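First up is the structure itself, then whatever we jot down about it.
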Protein chains: 2
Amino acid sequence: MATIADVARAAGVSPMTVSNVINGHPHVRDSTRAKVLAAMTALDYRVNVAARNLRRGRTGVIGLAVPEVNRPYFAQFAAAIIAAAQRRDLRVSIEQTGATRENELAVLGLSRNRLYDGLILSTVGMGAADTEHLKVPYPVVILGERIFNGPVDHVAMPNAGGARAAVRHLADRGCRRIAMLTGVETTEVGVSELRLTGYRLALQDLGLRYDPGLVQRMDEMSMGAAAERVHAMVTGGLDFDGLFCLTDTAAMGALRALADLAVAVPEDVKVIGFDNIEEGRFLVPSLSTVDPDHQAMAESAVGLLARRIDGGAGHEEFVSRFTVIARESTAV
Amino acid sequence: MATIADVARAAGVSPMTVSNVINGHPHVRDSTRAKVLAAMTALDYRVNVAARNLRRGRTGVIGLAVPEVNRPYFAQFAAAIIAAAQRRDLRVSIEQTGATRENELAVLGLSRNRLYDGLILSTVGMGAADTEHLKVPYPVVILGERIFNGPVDHVAMPNAGGARAAVRHLADRGCRRIAMLTGVETTEVGVSELRLTGYRLALQDLGLRYDPGLVQRMDEMSMGAAAERVHAMVTGGLDFDGLFCLTDTAAMGALRALADLAVAVPEDVKVIGFDNIEEGRFLVPSLSTVDPDHQAMAESAVGLLARRIDGGAGHEEFVSRFTVIARESTAV
DNA sequence: TTGTATGCGTTATCAC
DNA sequence: GTGATAACGCATACAA
């Protein structure tokens with residue numbers, strides 16, 4: 001637990017010089033540097049990050065608030081964020097909000113304590129009415145739609161566009177009664193609504209009638225809930241030949257339910273998801289999906305945040321590009 | 001950005017009294033407390049965590065080092081750890097090691113900087129020879145086998161026992177040529193070897209011959225690699241009627257490959273995994289597995305760490321209990 | 001019950 | 001090129 005002072009004493013220099021060596025200042029004589037480095041090694045010196053943080057007014061840590069890391073999509077995203085942060089010498093502390101407005105607001109408060117240099121926040125529970133809460137004295141990047149006018153950067157998925165393309169993909173493969181498995185939205189511009197908009201737009205494009213009965217809303221986007229709902233849809237006699245699921249996770253549950261009921265995929269019903277989680281490739285049948293390019297989103301989120309932390313101004317919005325990935329679940 | 005001093009001035013008391021109020025000290029007159037609280041609200045005061053950390057010599061953050069959060073098993077574990085830590089008012093910062101020894105050692109160095117109060121480390125790349133590296137001046141809980149003699153707590157999975165039960169489960173369902181999909185182990189007491197031990201013990205129990213040709217080692221435990229290997233096993237004419245996979249993730253790849261080759265599961269080959277990831281329930285066929293009770297492991301890991309952070313002594317080992325979960329992939 | 005003094009370890013400033 | 005000084009904001013020990 002040696003301190004800079006200990007090192008300075010051992011090397012016969014002032015603490016300041018040690019600090020200069022540590023931080024790679026240019027104006028240090030080589031022989032001095034060598035002495036200091038030797039003393040540091042001898043004493044097994046380690047910087048005390050807490051002291052440095054206090055002095056510098058920074059922590060080198062960014063917060064990442066997601067509903068739950070144990071959801072394939074967020075796990076994938078978190079992994080990408082951590083990797084991108086690592087490249088910039090930033091650490092990532094993860095908060096789980098459970099997708100509730102309350103917890104999302106609480107996380108926003110945390111960074112006020114200078115716990116984090118900045119925050120990447122996945123807003124699921126918060127709505128446009130909460131814009132005020134985003135006026136915090138540190139950089140925030142919202143992972144989600146541009147639903148706030150506050151001074152924050154946004155990294156958004158191509159929700160409407162991706163959904164539109166997914167539904168068109170189903171139609172291209174011959175589907176005419178396309179159902180959608182979506183969520184109960186707390187906000188008017190959340191993921192569910194935006195993808196639903198894409199769904200409706202696609203129907204318009206295609207000249208298909210919008211049938212509210214085909215839009216199935218679930219309280220919770222879990223595999224289990226999706227399986228149950230699809231089970232109910234089929235046994236309830238709902239007529240559909242295509243199914244667009246809000247997420248790949250929900251699609252996994254849907255595929256399972258269809259298998260249980262001996263509804264053949266893709267012959268009887270074609271299924272497409274959204275997110276392109278890794279597991280989708282290995283399901284039987286493999287899952288068609290919309291890939292929103294998490295990699296680019298993560299890189300952009302960390303990049304925007306880092307720029308703002310370093311004093312950059314202005315609020316940007318990044319919308320990633322999507323790709324429809326055709327696999328067995330929508331084969332002709 | 002008000003400080004304690006600002007609040008004290010506003011409330012007409014000393015900084016110390018403000019501090020006492022913040023930290024809930026008992027001996028503060030109610031009227032004084034009220035004054036202080038009012039001033040805090042008025043100035044929107046927030047504790048500066050960096051300063052508090054420096055003073056207290058603690059950060060309130062624990063590190064969690066795993067190969068990658070984007071692997072179902074570790075995602076599940078991370079979620080449980082974060083939740084358990086939250087209950088104890090600790091935050092969790094995640095480091096991804098990529099399962100390399102190098103990075104695992106690097107993480108051990110990090111906490112030396114008083115970045116974390118303690119560390120939960122999933123050792124995959126490190127071996128018994130690295131015991132010395134664990135002698136660090138802060139609490140460490142190893143997630144993995146008791147392969148080190150260092151002063152660290154262990155939270156281990158019932159690797160050998162779980163594997164033994166899994167293989168016995170296959171045999172009970174009629175399998176006689178049971179293959180195992182495992183990893184190339186860098187250490188002599190890693191997960192692969194321990195589960196392989198369980199595999200061999202089970203064969204002994206059952207009076208079945210050990211055939212090295214049935215033990216398939218892979219460099220990487222990904223779904224893709226597993227699929228490729230199983231494909232090669234089948235097309236190469238390897239004769240097996242049961243398959244024990246090191247992880248559920250590998251099993252997912254295996255199931256996919258078997259489906260591609262029209263090998264019926266469970267009729268032709270029965271498959272069982274290890275980990276009980278959530279996805280397993282929804283696969284077609286659903287995946288039998290060994291559940292090592294992550295919840296208990298996570299709770300125990302955080303508990304042990306918290307106890308050590310608070311000065312508790314002694315090194316403990318917690319081995320969770322397992323359950324074999326029978327699903328369709330091993331149905332008779 | 002409240003206040004004073006002091007130090008945690010680092011680094012910015014500015015002088016030498 | 002190097003060093004003295006001060007300050008970051010808080011909490012501990014002790015005094016009043």
Side-chain angles (χ1 to χ4, degrees), chain A residues 1-40 43-61 110-117 137-138 311, chain B residues 1-40 43-61 110-117 137-138 311:
Chain A
M1 310 281 190
T3 73
I4 275 194
D6 297 330
V7 175
R9 216 172 298 123
V13 298
S14 81
M16 201 52 236
T17 300
V18 177
S19 175
N20 284 336
V21 170
I22 292 169
N23 296 294
H25 263 162
H27 301 307
V28 179
R29 195 172 298 161
D30 280 352
S31 60
T32 315
R33 188 195 319 282
K35 267 194 305 187
V36 172
L37 288 174
M40 282 182 11
L43 297 175
D44 191 28
Y45 169 81
R46 313 280 168 154
V47 294
N48 180 322
V49 178
R52 171 179 283 179
N53 286 347
L54 174 58
R55 181 63 237 216
R56 295 228 252 240
R58 283 206 191 173
T59 65
V61 177
L110 278 180
S111 303
R112 275 220 156 77
N113 301 357
R114 291 182 193 70
L115 198 68
Y116 307 134
D117 291 342
Y138 55 88
Chain B
M1 310 282 190
T3 73
I4 275 195
D6 297 330
V7 175
R9 215 170 301 122
V13 298
S14 83
M16 199 49 238
T17 301
V18 178
S19 175
N20 283 336
V21 171
I22 292 169
N23 297 295
H25 257 107
H27 299 307
V28 178
R29 194 174 300 160
D30 281 353
S31 62
T32 315
R33 188 195 319 282
K35 267 195 305 189
V36 171
L37 288 173
M40 284 184 8
L43 296 175
D44 192 26
Y45 169 80
R46 313 280 169 155
V47 294
N48 181 323
V49 178
R52 171 180 283 178
N53 287 346
L54 175 58
R55 183 60 236 229
R56 293 225 251 240
R58 284 206 191 173
T59 66
V61 177
L110 276 182
S111 302
R112 276 219 156 76
N113 302 356
R114 294 183 191 69
L115 199 68
Y116 307 134
D117 292 343
Y138 54 86

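As the structure is a computational prediction, the values presented were derived from the model and not from experiment. Residue numbering restarts at 1 for every chain, and letters A, B, ... go by the order of the sequence lines.
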[atom1] of [X] versus [atom2] of [N]: gap in Å, rounded?
X	N	atom1	atom2	result
A/Asp6	C/dT10	CG	C1'	13 Å
A/Tyr45	C/dT11	OH	C1'	11 Å
A/Ile22	C/dG9	CD1	C1'	10 Å
B/Leu54	D/dC10	CG	P	12 Å
B/Asn53	D/dC8	CG	C1'	13 Å
A/Arg9	D/dG3	CZ	P	14 Å
B/His27	D/dA16	NE2	P	19 Å
B/Arg114	C/dT10	CZ	C1'	12 Å

[N] OP1/OP2 closer than 4.0 Å to side-chain N/O of [X]:
X	N	result
B/Arg29	C/dT1	no
A/Arg56	D/dC8	no
A/Asn20	D/dT2	no
A/Thr32	D/dT2	yes
B/Ser14	C/dG3	yes

Fill in the blank from the handout: Only residue of B/Val28, B/Ile4, B/Asp6 satisfying side-chain contact (heavy atoms from CB on, under 4.5 Å) with B/Val18 is B/Ile4
Non-hydrogen side-chain atoms of [X] and [Y] separated by less than 4.5 Å:
X	Y	result
B/Asn53	A/Asn53	no
A/Asn23	A/Arg52	yes
B/Met40	B/Ile22	yes

Handout entry: side-chain contact (heavy atoms from CB on, under 4.5 Å) assessment of B/Val36 paired with B/Arg33
Key = CA-CA 5 Å; B/Val36 171; B/Arg33 188 195 319 282; 5.8 Å; no
Problem - A/Arg55 (side chain) and D/dA7 (base): donor-acceptor pair under 3.5 Å - result: yes
Practice task
For B/Pro15 and for B/Ala51, locate the closest nucleotide of DNA chain C by heavy-atom distance; then report the residue assigned to the nucleotide nearer the 5' terminus.
Solution key: B/Pro15
Exercise for the section: Report which part of the nucleic acid B/Asn23 touches: base, sugar-phosphate, or nothing (heavy-atom distance under 4.0 Å, all strands). Expected result: sugar-phosphate
Practice task
Among D/dA11, C/dG3, D/dT2, find the nucleotide with the atom closest to the side chain of B/Ser19.
Solution key: D/dA11
Practice task
Between D/dC10, C/dA12, C/dG9, spot the one nearest the side chain of A/Met16, thanks.
Solution key: C/dA12
